[in-house]
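Just so it is clear: chains get the letters A, B, ... in the order the sequence lines come, proteins before strands, and each one is counted from 1. All values below were derived from every heavy atom in this structure, side-chain atoms included, with hydrogens, water molecules and symmetry-related copies excluded.
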Amino acid sequence: MRREPPRILERIATLLIPPACREEVLGDLQERCASSWGYFKDALFAIPCVIASRIRRIVDPPVLLLHAMVVYLSFLLAAWIADGALPAGEGELWRLVIPSCAVLAGIILAEVYAKPGAASRFQSLRGPLLGAGLAFVSRIAVPFRVVLYGAALSLILVSTTKLLFPPITLRPQGASVPTLRLKHSAAQPSSFRWLVAALALLLLLLSVRRS
Amino acid sequence: MARPDTLGQFEQLVLTAILTQREDAYGITIHSKVQELARPRKVSLGAVYVTLDRLEDKGLVSSWLSDPTPERGGRAKRCYRLEALGERALEESAVTAKRIWETIAQVWGKDWARQWGKQWGREPG
């Protein structure tokens with residue numbers, strides 16, 4: 001027998017399911033709903049898969065790598081600005097990975113939960129902003145000033161790289177062309193650009209570390 | 001025409017489910033057909049969504065949103081249909097599976113094949 005899903009569970013599911021596939025997934029969950037426990041179980045197993053699939057669809061690995069390097073460099077420079085010297089110990093360098101990961105998580109989450117077709121002028125800023133916000137969670141591991149400067153720097157740098165390499169969802173798309181092909185065809189012309197940019201950043205990082 | 005990628009077993013199941021459901025292939029119907037084909041293995045709805053996304057990215061299936069229905073709380077279904085590339089990939093998989101079956105039957109003998117065939121025929125559902 002079909003039943004109405006519990007309101008609270010449905011609201012949580014609505015919040016967690018990415019907007020791009022919310023309509024059909026919520027509908028399927030409601031259609032399958034025979035009991036509250038059944039709805040909970042279905043949602044518990046389906047939602048993480050839906051989120052993972054959305055991440056796989058929107059993440060462009062070369063661009064993500066570029067963002068990771070930009071963000072780490074931002075926190076490295078922030079540590080330099082805040083302390084007047086570059087972090088010397090390996091532990092300190094590793095510690096900067098924590099806020100960098102938080103910023104990257106923010107960038108990915110903002111893209112996953114972006115409303116399809118609602119492209120705004122500030123869309124490129126949304127991810128870095130959320131990332132910068134999340135970086136403050138890591139202030140236990142890294143001094144507050146480093147987090148503050150790093151978040152600000154990564155906000156500027158990532159927004160700039162996002163203008164050069166817009167997210168897959170914002171790239172011009174054909175009506176009947178598979179997404180993966182679009183992803184590949186879109187990556188081809190820019191592959192040289194991202195390689196040059198990544199190499200330049202790597203060289204900058206190495207030279208900064210040596211000095 | 002581009003050559004389709006090799007399909008995994010689960011992808012074959014999902015494509016077969018879409019093929020059998022025809023115009024009514026959406027999340028729930030595909031999931032129940034896949035569950036039926038994959039028995040006794042349990043299949044989660046999430047695994048079906050992930051595979052459908054992957055197949056769509058590969059260009060083997062295409063999807064569209066249908067009209068909202070009241071039993072779904074006024075929400076639309078995402079319906080799927082096999083594309084030419086998907087049909088070809090499924091056909092190739094079926095031919096390969098048949099070849100495997102024939103080879104095994106040849107090696108293990110006709111008696112085994114007959115016995116297995118009977119057991120298959122008795123399977124419920």
Side-chain angles (χ1 to χ4, degrees), chain A residues 1-7 9-11 13-14 16-18 20-34 38-60 112 116-117 168 173-185, chain B residues 1-5 10-11 14 17 21 24-35 41-86 88-89:
Chain A
M1 206 181 92
R2 195 167 292 149
R3 278 186 51 178
E4 280 290 307
R7 285 273 154 251
L9 283 182
E10 198 179 25
R11 274 196 198 141
T14 311
L16 292 175
I17 300 169
C21 48
R22 194 174 281 160
E23 173 97 359
E24 60 265 28
V25 175
L26 279 177
D28 283 354
L29 288 175
Q30 175 152 1
E31 200 179 324
R32 262 171 75 91
C33 179
Y39 188 88
F40 174 73
K41 234 171 47 176
D42 276 343
L44 189 71
F45 288 111
I47 293 172
C49 292
V50 168
I51 296 170
S53 180
R54 188 74 197 144
I55 291 174
R56 185 193 60 77
R57 282 187 118 175
I58 57 139
V59 165
D60 203 353
V112 166
I168 288 164
Q173 301 201 347
S176 58
V177 186
T179 326
L180 191 72
R181 209 158 295 158
L182 281 168
K183 203 168 167 179
H184 287 166
S185 58
Chain B
M1 196 178 174
R3 200 177 159 73
D5 292 329
F10 200 71
E11 288 177 330
V14 172
Q21 298 299 322
D24 196 36
Y26 67 99
I28 301 288
T29 55
I30 295 170
H31 174 255
S32 46
K33 189 69 196 174
V34 169
Q35 185 122 31
R41 198 166 44 145
K42 283 260 177 199
V43 175
S44 80
L45 189 59
V48 173
Y49 286 135
V50 172
T51 312
L52 284 170
D53 281 350
R54 200 170 51 236
L55 291 172
E56 194 174 15
D57 288 349
K58 285 180 179 177
L60 303 180
V61 300
S62 57
S63 73
W64 71 98
L65 280 176
S66 73
D67 292 330
T69 52
E71 71 266 21
R72 296 169 60 85
R75 294 186 184 99
K77 296 171 186 170
R78 181 164 290 279
C79 295
Y80 291 86
R81 122 178 111 221
L82 277 191
E83 287 296 316
L85 208 59
R88 224 178 102 204

Contact leader toward chain A among Glu83(B), His31(B), Lys77(B), where contacts are heavy-atom pairs under 4.5 Å: His31(B)
Asp42(A) CG to Ile28(B) CD1 distance, which is reported to the nearest 0.5 Å: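 Rounded to the nearest 0.5 Å, the CG-CD1 separation comes to 7.5 Å.
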Partner of Arg75(B) by side chain to side chain donor-acceptor pair (under 3.5 Å), out of Gln30(A), Glu31(A), Glu23(A): Gln30(A)
Do the side chains of [Y] and [X] get nearer than 4.5 Å, heavy atoms only?
| X | Y | result |
| --- | --- | --- |
| Val25(A) | Leu45(B) | no |
| Leu26(A) | Arg72(B) | no |
| Arg56(A) | Asp57(B) | yes |

Part of residues 44-51 of chain A lying next to chain B, heavy-atom separation under 4.5 Å: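 Phe45(A), Ala46(A), Cys49(A), Val50(A), listed by number.
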Shortest non-hydrogen contact between Asp28(A) and Gly27(B), atoms and distance: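 Asp28(A) and Gly27(B) have their closest heavy atoms at OD2-CA, 3.3 Å.
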